[in-house]
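Everything below concerns the one structure shown next.
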Amino acid sequence: TVPPVLPDSIRPNPPPLLLTRTMPRTALLLPVVAAAAALPWIAAVPPSSRRRGVPSFVPRGTALRARGGSDLPETDPGVPYFAETPPETGGGFSPDGGGGATPVSDFLEEPPPAAPEPPALEEESTLAIAEEILSVDADDAADAAAPAKSKSDVLERILSAAVMLVGVGAIFGRGGSTAVTALVLAAQIAMYREASAVCLRGGGSAARRWAWFAAAQLLVVAPAVPELAAWRGLPLAGHAAASACLVLFVLDMAADPELDSDVIGSRLGEAAVYVLASLITTFQSSYFIRTVHEYGKGWIIFPALLVIINDSMAYVFGRHMGRIALIPRLSPKKTVEGFLGAAAYTAALSVPLARWAFGADAAAADPRHALAVAAFVSAVSPFGGFLASAVKRAHGAKDFGNSIPGHGGVVDRLDCQLVTAPFVYLYLKRFF
């Protein structure tokens, strides 16, 4: 028989959930399941929407299901979230009535900012990326080729040094004092041109530059040549040339139509460069001419070889033992260990080198003189190189020129020699 249908008023209620036997296990599993289900929803909601009154578990673009069973339309793109609110009057949820879907903006003090659109990739940015990739590849290729380039630079440096030694040796061996004087004059022209070009960065007037150089030749170099020094009017001629440079310099500056304080400062700086370049290159190298005419070629070869030995050994000791920088702001590669090691090596080789250079001349080959010159070469001459490094650093130049492959310019090779030349001549004047 079919059991009778009882009215709702007398139908027995189902047993409460809390009284079931499975409740303890269910109570333990419910929080875990709820947390696992909520994690993806929480992760999908930006932190800015997690405020009071906003159900953070509502994902973007989700339509809420009303209590009456109807589906709400998809959210408007400008209002990304919907939240449930209790209806004011019965019925289910509706998108337009007293109850239903309420925009999130009603719960927030200000609407959430719209996410910025990614910039469009333009042709220029594409080209920039391509250039960057190509530059990186070029840098990698340069790094890979660095060892080979270093070896080629060393070979170039050795070959050019060998050519220089052979050429200078031929001049000193077969030529007389006149040939040495011509060599010094050629070096003076090259050094003056390099020094003034670096300091003025290719600017300045060529006429003013070489006018000052001609005056320096008459004042300093001509008296060092015995044949010219015999002329009694030479000092007056030199002074007249320097005075003419001074007068022409002032008149030329005053005739400038754009003359102002900046122009005056620029012209004075240009004249200072010419005077300093003449002082360092022409005046000091003139002592080579005096020495070769009065004391012979040996007193040029011997100190020059000591300078080369000292410079080379400073590099060797500094490369393998250097730890403490000597003058880091001017010449970072120079080290205390290289300076001291080169001094010891130069002193040790000075005595046998003097015996080879002077042969039977016992007075010139005296160890005391050899050690005195070696001491000056080791302690003072390197500062000529430091000064040259300061000039190059001040004007952003790596070398004074490129006339000597692998070595730079003539100034780069003779900077320490220029400091040594006056000392050698004055030392010989005192003791010989």
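A ring-ring contact (aromatic ring centres under 6.0 Å, His included) with Tyr192 is found for one member of Phe400, Trp212, Phe283, Trp210 and no other, namely Trp210.
Atom CG of Asp252 has more than 12 heavy atoms from other residues, nucleotides or ligands within 6.0 Å. Within 6.0 Å of CE in Met164 there are more than 12 heavy atoms belonging to other residues, nucleotides or ligands. Around NE2 of His239, the count of heavy atoms belonging to other residues, nucleotides or ligands within 6.0 Å does not exceed 12. In Lys392, the NZ atom is crowded: over 12 heavy atoms of neighbouring residues, nucleotides or ligands sit closer than 6.0 Å. Atom CZ of Arg355 has 12 or fewer heavy atoms from other residues, nucleotides or ligands within 6.0 Å.
Between Phe383 and Phe339, the two ring planes are perpendicular [angle over 60°; tilted spans 30° to 60°]. In this pair, His369 and Phe431 present their aromatic rings tilted. The plane angle is within the 30 to 60° band. Using the six-membered ring where Trp is involved, Tyr425 and Tyr295 have ring planes that are perpendicular, over 60° apart on the 30 and 60° scheme.
Residues Ile280 and Leu387 meet the side-chain proximity criterion, which asks for heavy atoms closer than 4.5 Å. Residues Ser403 and Glu194 are in side-chain contact: their nearest non-hydrogen atoms beyond the backbone lie under 4.5 Å apart. In this structure, Asp311 and Arg413 have side chains that are in contact, with non-hydrogen atoms separated by less than 4.5 Å. Proximity of Val180 to Ile300: side-chain heavy atoms (C-beta onward) are separated by under 4.5 Å at one or more points.
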>> Using the rule given for side-chain hydrogen bond (donor to acceptor under 3.5 Å, both in side chains), can you reason through Gln188 versus Ser285, listing the C-alpha separation, both sets of side-chain angles and the distance that settles it, and then say yes or no?
In response: CA-CA 7 Å; Gln188 286 178 348; Ser285 61; 2.8 Å; yes
> Could you go step by step and tell me if Ile189 and Arg193 meet the side chain to side chain contact (heavy atoms under 4.5 Å, CB included) rule?
Replying inline: CA-CA 6 Å; Ile189 295 173; Arg193 180 180 58 83; 5.5 Å; no
> Run the ring pair (Phe, Tyr, Trp, His ring centres under 6.0 Å) check on Phe302 and Phe358 step by step: do they pass?
Replying inline: CA-CA 9 Å; Phe302 171 64; Phe358 299 111; 5.7 Å; yes
>> Test salt bridge (charged side-chain N to carboxylate O under 4.0 Å, His left out) on Arg209 and Glu270; report intermediate values, then the result.
In response: CA-CA 9 Å; Arg209 176 186 305 177; Glu270 181 183 351; over 6 Å; no
> Are Gln217 and Leu185 close enough, and set up right, to give a side chain to side chain contact (heavy atoms under 4.5 Å, CB included), and what steps lead you there?
Replying inline: CA-CA 9 Å; Gln217 291 291 315; Leu185 290 176; 3.6 Å; yes
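Lys334 places no side-chain N or O within donor-acceptor distance of the main-chain N or O of Pro382, the cut-off being under 3.5 Å. In this structure, the side chain of Glu258 does not engage the main chain of Val263 through any donor-acceptor pair within 3.5 Å.
A pairwise comparison of heavy atoms in Gln417 and Phe288 identifies O-CZ, 3.6 Å as the closest pair.
Rounding to the nearest 0.5 angstrom, the gap separating the NZ atom in Lys398 from the CZ atom in Arg393 is 12.5 Å. From Leu414, atom CG reaches atom OG1 of Thr281 across 10.5 Å, with rounding to the nearest 0.5 Å.
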